[in-house]
Amino acid sequence: MSMKRTSHRYISAAAIIAALVTVDGWTARLSGHGAVFIGNAQARVGRPLTPASVAGVARRTTRRTIRRSAIYVAALPAACVNTSVSGTVLWQCGATYYQPYGGGYVVVYVD
């Protein structure tokens with residue numbers, strides 16, 4: 001018998017909390033003021049760094065990956081252009097990218 005009463009208490013407490021949250025949302029919408037229990041959800045650029053934030057989605061979709069290969073050259077081919085990819089300085093020679101490394105260059109892949 002006591003187990004039944006305990007489960008009824010949890011269901012009653014959950015119903016009261018759900019009702020408070022619902023009424024809080026309605027009053028906030030009708031009055032135009034902020035809610036007491038639940039505030040407005042805002043996505044701010046740069047904060048927070050969470051996967052669900054708008055800023056996090058923008059970072060993931062625009063970030064490019066630079067992977068080094070095992071191909072090293074001492075000098076760049078002709079007609080190379082200096083460029084920047086995700087803040088990294090690279091040299092673009094046609095469809096091939098090179099990154100300065102030591103006294104030469106390494107071929108990198110930009111994904």
Original post:
Would V110 end up clustered with W91 when hydrophobic side chains under 4.5 Å apart are linked, directly or stepwise?
Top reply: no
Original post:
Are Y72 and Y97 in one and the same hydrophobic cluster, where Ile, Leu, Val, Met, Phe, Trp and Tyr link if side-chain heavy atoms are under 4.5 Å apart?
Top reply: yes
Original post:
So how far is it from Y105 OH to L90 CG, rounded to the nearest 0.5 Å?
Top reply: 12.0 Å
Subject >> Cluster overlap Y109 with Y98, hydrophobic side-chain contacts below 4.5 Å >> reply: yes
Subject >> Crowding at OH, Y101 (>12 non-hydrogen neighbours, <6.0 Å) >> reply: no
Original post:
So, does S69 use its side chain to make a donor-acceptor pair with the main chain of V107 at under 3.5 Å?
Top reply: yes
**OP:** Please report the shortest heavy-atom distance between Q99 and V89, naming the atom on each side.
**Re:** CG-O, 4.2 Å
